[in-house]
Amino acid sequence: MNKDQVADILQEIGILLELKGENPFKTRAYQNGARALEGLTESLEKVVAEGRLGDIPGLGDALQQKITLLVTTGRLEYYEELKASLPAGLLTLLEIPGLGPKKVKALYEKLGVSNLELLKAACEKGQVAELAGFGKKTQDNILQGMAFHEKYASRHHLHLALAVAEPLLEALRNHPAVTRCSTAGSLRRSKEVIGDIDFVVSSRKPNEVIDYFVKQPAVLTILAQGDTKASVIVEQGIQADLRVVSDAEFPFALAYFTGSKEHNIAMRQRAIARGLRLNEYGLFRSTEETRDPALLDSCATEDEIYQKLGLHYVPPELREDHGEFAAAEKGLLPRLIEWTELKGSLHNHSTWSDGRQTLDEIVETMMGLGLSYWAVTDHSQASFQAHGLRPERVREQIVAIREINRRLEGEGVDFRLLTGTEVDILASGELDFDDELLAELEVVVASVHSGFTAPEAEMTRRIIAAVENPNVHILGHLTGRLLLEREPYKVDQHAVIDACAATGTWIELNASPSRFDLDWRLWQYATSKGVKCVINCDAHRAEHAGYLRLGTGVARKGWLTKQDVINVLPLGELRRQLAKKRSGEG
DNA sequence: GCCGTTTTCGGCCCGACTGTTTTCAGTCG
């Protein structure tokens with residue numbers, strides 16, 4: 001078993017123990033253990049074999065023993081017995097908003113409710129309202145929560161969440177009673193998928209702002225409305241939470257609701273270590289339970305909060321407890337890449353394969369955005385479903401692009417298309433075009449589009465064979481994942497990154513919100529090996545150019561700087577690097 | 001179940017909102 005599978009099981013044990021009514025700190029210990037494994041950047045098998053599990057904070061004797069069993073035998077009797085002791089459907093009940101472990105436990109023990117159908121039946125018969133601690137209102141809310149659960153998945157692609165959040169933020173900003181406002185939460189941290197949208201506002205008239213917020217046209221349902229916060233469902237079925245605080249409290253509330261939860265816990269602990277107390281309202285001297293403003297250690301901005309805790313400012317994207325505290329203490333946080341530094345995208349499609357824009361339309365759109373270049377990398381022949389190009393069509397396209405570039409040069413315009421291909425990595429590990437054709441193209445992206453079910457070792461071999469071809473500049477979407485849709489295929493990502501480091505091959509950060517692949521968690525490893533990143537739109541339509549901004553947000557989560565990213569280079573320097581890569585000096 | 005330069009025992013982040021209660025438990029973030 002690999003670390004993700006083991007982490008999933010620890011996570012599930014934690015939940016099962018909660019349903020059993022175990023000591024909450026014990027259940028949290030399992031969840032902490034799962035998180036510790038997810039954050040591991042090397043092979044779990046290796047760590048276990050070398051007896052170094054104990055070096056990982058959060059893993060004590062009991063967890064070390066269980067993890068070792070799972071890794072070496074693939075089984076854990078403790079887990080299997082625990083799982084067998086409760087009906088399988090109980091876990092899905094926890095996905096209903098408003099139902100937590102205590103209520104699920106009561107429903108199961110008192111009514112024998114063990115799955116969604118039984119829960120629905122019990123609500124409709126009015127049995128749930130009769131239970132102690134429940135009532136009519138709770139029963140109605142459960143029914144509503146179930147309807148919501150059926151209709152919408154609970155997680156959302158980043159671009160969809162942004163499309164709803166940005167107009168709402170603009171509306172809040174324009175309200176006269178709003179002093180400062182911002183998005184917070186996973187959206188502000190540029191997570192690859194979003195649970196809900198968070199807004200933080202400072203105002204002297206919170207009720208006015210909350211009233212205004214819940215009446216926005218995008219709001220479909222009001223879930224809760226109080227004096228300091230409101231929760232609503234907005235278009236796309238996304239939950240949006242608004243918190244309103246005083247302006248003095250704003251930086252603390254913004255930091256708190258931006259999270260991540262793990263980052264906040266570490267911040268609170270730093271405060272406690274300094275005899276202070278940090279919460280969403282301020283930084284208080286001593287740990288006294290009071291909101292007396294006299295005790296407020298005022299901070300005008302988030303920056304000042306970090307300073308008071310002995311840290312350099314941590315950009316939101318880095319707030320994942322992923323090494324930012326060690327770096328912020330020493331002033332070693334990187335200057336992160338900005339999306340405005342990008343000059344173009346090196347993996348895109350046109351009407352020649354499955355894209356929606358002609359070459360001329362691409363030129364017009366991308367030039368209009370102020371970009372310097374745009375590589376046209378249509379699919380190769382094996383991607384039949386995507387109208388992949390035969391070699392002769394590729395050569396025709398090269399001619400067409402040269403023609404356009406000559407025209408642009410004649411007009412004195414500072415923009416060029418680059419010729420290229422997204423060539424399929426075939427099951428054998430060979431590429432879908434021969435070396436002669438690849439050498440005629442300026443940009444070669446190699447990607448897997450078939451044989452997703454190959455065993456890990458075989459998939460790893462295929463991809464490594466592809467990046468060893470000197471004609472390949474860029475490895476496309478390394479894991480093939482489609483967020484919220486399709487799991488990544490099985491591949492040893494570290495081994496592939498090592499091969500890219502050895503061959504000077506660049507790795508794409510595919511900026512499509514369905515992909516964000518390579519995952520941000522692996523970029524620190526990749527750059528430590530000297531691998532360069534290309535933030536690519538994989539554009540199929542004009543509006544996909546906007547993915548440059550979203551992809552940069554995710555790149556920032558991977559601690560990437562301007563120096564790590566190829567497509568910040570001006571055209572001339574980019575062409576030199578493309579040639580250098582091929583000559584083997586890259 | 002984890003952890004320790006006050007502790008090998010007794011802590012473990014903490015506040016708002018809802019609904020069911022009449023002072024609080026559960027859930028959520």
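Note on naming: letters A, B, ... go to the chains in the order of the sequence lines (proteins, then strands), and numbering restarts at 1 for each one.
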message: Would you call the rings of A:Y306 and A:Y313 parallel, tilted or perpendicular, taking 30° and 60° as the class edges?
response: perpendicular
query: For the residue pair A:Y547 and A:H544, does the interplanar ring angle fall in the parallel (under 30°), tilted (30 to 60°) or perpendicular (over 60°) class?
result: parallel
- request: Rounded off to whole Å, could you give me the NZ-to-C1' distance for the A:K229 and B:dG15 pair?
  value: 10 Å
message: Can you check the distance between B:dT8 and B:dC2, where both ends of the measurement are the C1' atom (answer in whole Å)?
response: 12 Å
- request: Examine A:F213 together with A:H175 and report whether their ring centres are nearer than 6.0 Å.
  value: no
- prompt: Between A:K137 and B:dG19, is there a side-chain N or O to OP1/OP2 distance below 4.0 Å?
  reply: yes
message: Taking the P atom in each of B:dT21 and B:dT6, what is the distance between them to the nearest angstrom?
response: 47 Å
task: Sugar-phosphate means primed atoms, P, OP1 and OP2; the rest is base. With that split, encode nucleotides 2-13 of chain B 5' to 3' as B, S or - using protein heavy atoms under 4.0 Å.
output: SS--------BB
Interatomic distance at C1', B:dC14 relative to B:dT5, whole Å: 27 Å
message: Just N and O in the side chain of A:T138: are any of them under 4.0 Å from OP1 or OP2 of B:dT18?
response: no
- request: Give the rounded distance in Å between these two atoms: CD of A:Q239 and C1' of B:dC17.
  value: 12 Å
- request: Return the residues of residues 107-120 of chain A meeting this criterion: a heavy atom under 4.0 Å from some atom of DNA chain B. Order them by number, or give none.
  value: none
- prompt: How far, in whole Å, is B:dC9 from B:dA25 if one measures between their P atoms?
  reply: 30 Å
message: So A:N2 and A:V6, do their side chains get closer than 4.5 Å, heavy atoms only?
response: no
- line: Value for CG (A:D303) from NZ (A:K308), rounded to nearest 0.5 Å, stands at 11.0 Å
message: What is the distance, to the nearest angstrom, from the CG atom on A:L223 to the P atom on B:dG19?
response: 11 Å
field: C1'-based separation of B:dT23 from B:dT18 [nearest Å]
entry: 15 Å
task: For A:K83, enumerate each residue passing the side-chain contact (heavy atoms from CB on, under 4.5 Å) test, keeping only those at least two apart in sequence or located in another chain.
output: A:E12, A:L16, A:Y79
field: Whole-Å distance separating the CG atom of A:D140 from the P atom of B:dG19
entry: 10 Å
field: B:dG26 and B:dT20, which share atom name C1', separated by this distance in whole Å
entry: 11 Å
message: Using side-chain heavy atoms (C-beta onward) and a distance below 4.5 Å, is A:V232 in contact with A:L220?
response: no
query: Are A:N279 and B:dG15 close enough that a side-chain N or O sits under 4.0 Å from OP1 or OP2?
result: yes
statement: Rounded to whole Å, the CG-P distance (A:L19 to B:dT27) equals 10 Å
- prompt: Any side-chain heavy atom of A:Y256 sitting closer than 4.5 Å to one from A:R243?
  reply: no
- prompt: Where the side chain of A:R277 is concerned, which of B:dG15, B:dG1, B:dT18 is the nearest nucleotide?
  reply: B:dG15
task: Please measure how far the P atom in B:dT27 lies from the corresponding atom in B:dG11, and state the result in whole Å.
output: 25 Å
query: Is A:T228 near enough to B:dC17 that one of its side-chain N or O atoms lies under 4.0 angstrom from OP1 or OP2?
result: yes
task: State, with a plain yes or no, whether a side-chain heavy atom of A:N115 is found less than 4.5 Å away from one of A:P87.
output: no
A:Y281 side-chain N/O to B:dA16 phosphate OP1/OP2 under 4.0 Å: yes
- prompt: Please give, in whole Å, the distance from B:dT18 P to A:I142 CD1?
  reply: 17 Å
message: For B:dG1 and A:K66 - does any side-chain N or O of the residue sit under 4.0 Å from the phosphate oxygens OP1/OP2?
response: yes
field: Passing option when A:K557 is tested against A:H322, A:E317, A:E320 for side-chain hydrogen bond (donor to acceptor under 3.5 Å, both in side chains)
entry: A:E320
message: Heavy-atom nearest nucleotide on DNA chain B for A:A132 versus A:K102: which residue maps closer to 5'?
response: A:A132
query: Should B:dC12 form a Watson-Crick or G-U wobble pair with both distances under 3.5 Å, which nucleotide is its partner?
result: B:dG1
- line: Rounded to whole Å, the CG-P distance (A:D198 to B:dC17) equals 15 Å
- request: Write down the distance between NZ (A:K103) and P (B:dT18), rounded to a whole number of angstrom.
  value: 13 Å
- request: Between A:L278 and A:A230, name the one whose nearest nucleotide on DNA chain B is closer to the 5' end.
  value: A:L278
task: Any chance you could measure A:T221, atom OG1, to A:Q239, atom CD, to the nearest 0.5 Å?
output: 10.5 Å
